[in-house]
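Some notes on the structure that comes next.
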Protein chains: 2
Amino acid sequence: MTTAPTGSRARTRQAILDAAITILSRNPAASLGEVAAAADVGRTTLHRYFPERGDLVAAMQAEAESRLVRARLRARIADDTGADAVRRLCQEYFDLGDVLSLLFRDQGPGDQGPGDSAEPAHDKDNKDDKTDKHGQNDHDDENGPGGSCDPEFAAMVRRGYADGSIDPDLPPDWVQSLIWSQLYAGWSYLAEPGASRHEVLRLVLRSVEGAVRPLRR
Amino acid sequence: MTTAPTGSRARTRQAILDAAITILSRNPAASLGEVAAAADVGRTTLHRYFPERGDLVAAMQAEAESRLVRARLRARIADDTGADAVRRLCQEYFDLGDVLSLLFRDQGPGDQGPGDSAEPAHDKDNKDDKTDKHGQNDHDDENGPGGSCDPEFAAMVRRGYADGSIDPDLPPDWVQSLIWSQLYAGWSYLAEPGASRHEVLRLVLRSVEGAVRPLRR
DNA sequence: CCAGAGTGGAACACTAATGTTCCATTCTGG
DNA sequence: CCAGAATGGAACATTAGTGTTCCACTCTGG
């Protein structure tokens, strides 16, 4: 099996995944036809790689998670002062682009309804099923915006408490919420005026730094 | 016309609107049946007040806009130092609750697709219509998270520049983005851990204040 | 060249939501 | 009490998206 143009499959799959991130992060309810069009493949081909919409969404989240983890590794959050590490983390996360809003949406304040996020959701059986919450939030270690943050992140923040670069009044998971919301703000700010990517990044870093450091130094 | 239980209509309408804000702010793709159920009215009745989904959405946004404006008036953003005014504004906005995420979603970074936001959108005519943008962004003065902010808000920020309570490096519309994203973060933070409403508000105010004030005072 | 993987288009049945109509019931003011 | 407003339920046609099947076409490696 897969004896011939074997690299082609991976390439097509990736193209679909990239398109899905671009399209579905902006509008989670977009049709598969739109995604296929954006990926420049036929809808048939999309279904060949991801039989159901849920498969595509799952693969997308896995991809996002993967990029997120890589970005975090690049940020070396175990080095330097807490605030320095936070700064590097923001820089790396900022470059995630669409993945940002994708992860951001995946757990807003809402219950997101019975479906899994905001899709038309032809789900077939979880309709009157009062016992939903079918483990939709059983991530492994939680790097995303919501939920409680993971140990390494918390360690970074506590390091900041100790070295005086982060206000001890701010709990680690609040710092995490804060970072994500600032990034999201930056990303959305980027869309409107003529602000350059660099300028916006500067504003984000500036604001996060200010929000996080102790009030009177 | 409307000679009899005339106040009843307004009450029902408001109940539907409130339910719509609660439901659709958490999940913009929720069905009208869910909204009707939440409002404790029949779907028929809902359609009687808002013939098409778009009518409901429009009315919802108008209601949100109205609450937003009232909150802003209560904040008296023309008084005291810039930072004080910002603080009051955040407090008032924080109490908007679901309206917050509603307004927040209404203009994320995305193009939101051809439909108007994230609904299944049985729209019937704006499909291949390249000349859409049927004035969906022709708000009057822009108080919401996106876009450029209005004069009064800008004046408040500039007052902050002058009195030294706001960093002149931060443009007014960035300050606005910042406020909104912090509020959103707070609201979503509220959903997860056992944090109390008051505690979260304190964190939000603390973070906004820190993010906005000049780096070294 | 040529077998087979990979693809795209068309057609199909199916589902869920929407929007509409009709009618029976309940509430309310005079 | 009673006329009319207001409502809710049921049934209906319509629409958009989904998932599937089938077939013709195009590459590519051996």
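It should be emphasised that the depicted structure is a prediction, and the values quoted were computed from it without experimental measurement. These numbers come from the heavy atoms of this one structure, side chains and all, not from hydrogens, waters or symmetry mates. Throughout, protein chains are lettered first and strands after them, A, B, ... in sequence-line order, and every chain is numbered starting at 1.
Look at OH on A/Tyr49: it is 7 Å from C1' on C/dG6, rounded to the nearest Å. Following rounding to the nearest Å, A/Leu46 (CG) and C/dG9 (P) show an atom-to-atom distance of 13 Å. Whole-Å rounding puts the B/Arg11 CZ to D/dT7 C1' distance at 14 Å. Rounded to whole angstrom, the span from the CZ atom of A/Arg9 across to the P atom of C/dG4 amounts to 17 Å. Taking atom CG of residue A/Leu56 and atom C1' of nucleotide D/dT18, one finds them 13 Å apart after rounding to whole Å. In this structure, B/Glu52 atom CD and C/dT20 atom C1' are separated by 11 Å, rounded to whole Å. In this structure, the CG atom of B/Leu24 is 14 Å from the C1' atom of C/dA17, given to the nearest Å. One interatomic measurement links the two molecules: NE2 of A/His47 to P of D/dT21, which rounds to 12 Å at whole-angstrom precision.
Using a 4.5 Å heavy-atom threshold, the side chains of A/Ser181 and B/Gln182 count as touching. Contact annotation: the side chain of B/Leu96 approaches that of B/Leu68 to within less than 4.5 Å [non-hydrogen atoms, C-beta and beyond].
B/Asp55 comes within contact range of no nucleotide atom at all, as no heavy-atom separation falls under 4.0 Å. Nucleic acid contact class of A/Ser31 (heavy atoms, under 4.0 Å, all strands): sugar-phosphate only. Note on A/Phe50: nothing from the nucleic acid sits closer than 4.0 angstrom, heavy atoms only.
No hydrogens or angles were tested; on distance alone, nothing pairs the side chain of A/Ser8 with the base of C/dG6 as donor and acceptor under 3.5 Å. Contact of A/Arg43 with D/dG17 (side chain to base): no donor-acceptor pair of N or O atoms is detected under 3.5 Å.
Using a 4.0 Å cut-off between charged nitrogen and carboxylate oxygen, A/Arg87 and A/Glu209 count as a salt-bridge pair. Of the charged side-chain nitrogens involved, at least one lies within less than 4.0 Å of a carboxylate oxygen, so that A/Glu152 and A/Arg72 count as a salt-bridged pair.
Using a 4.0 Å cut-off, some side-chain N or O of B/Thr45 falls inside it from OP1 or OP2 of D/dG8.
Of the residues in residues 12-22 of chain B, not one comes within less than 4.0 Å of DNA chain C through any heavy atom.
Considering A/Ile23, A/Thr22, A/Asp18, A/Leu24 as possible partners of A/Asp98, the one that fulfils the side-chain contact (heavy atoms from CB on, under 4.5 Å) test is A/Thr22.
Nearest-nucleotide assignment on DNA chain D puts the 5′-proximal partner with A/Leu32, out of A/Arg48 and A/Leu32.
A search for side chain to side chain donor-acceptor pair (under 3.5 Å) contacts involving B/Gln91 returns nothing, not counting sequence neighbours. The ring pair (Phe, Tyr, Trp, His ring centres under 6.0 Å) search around B/Phe153 returns none, not counting sequence neighbours.
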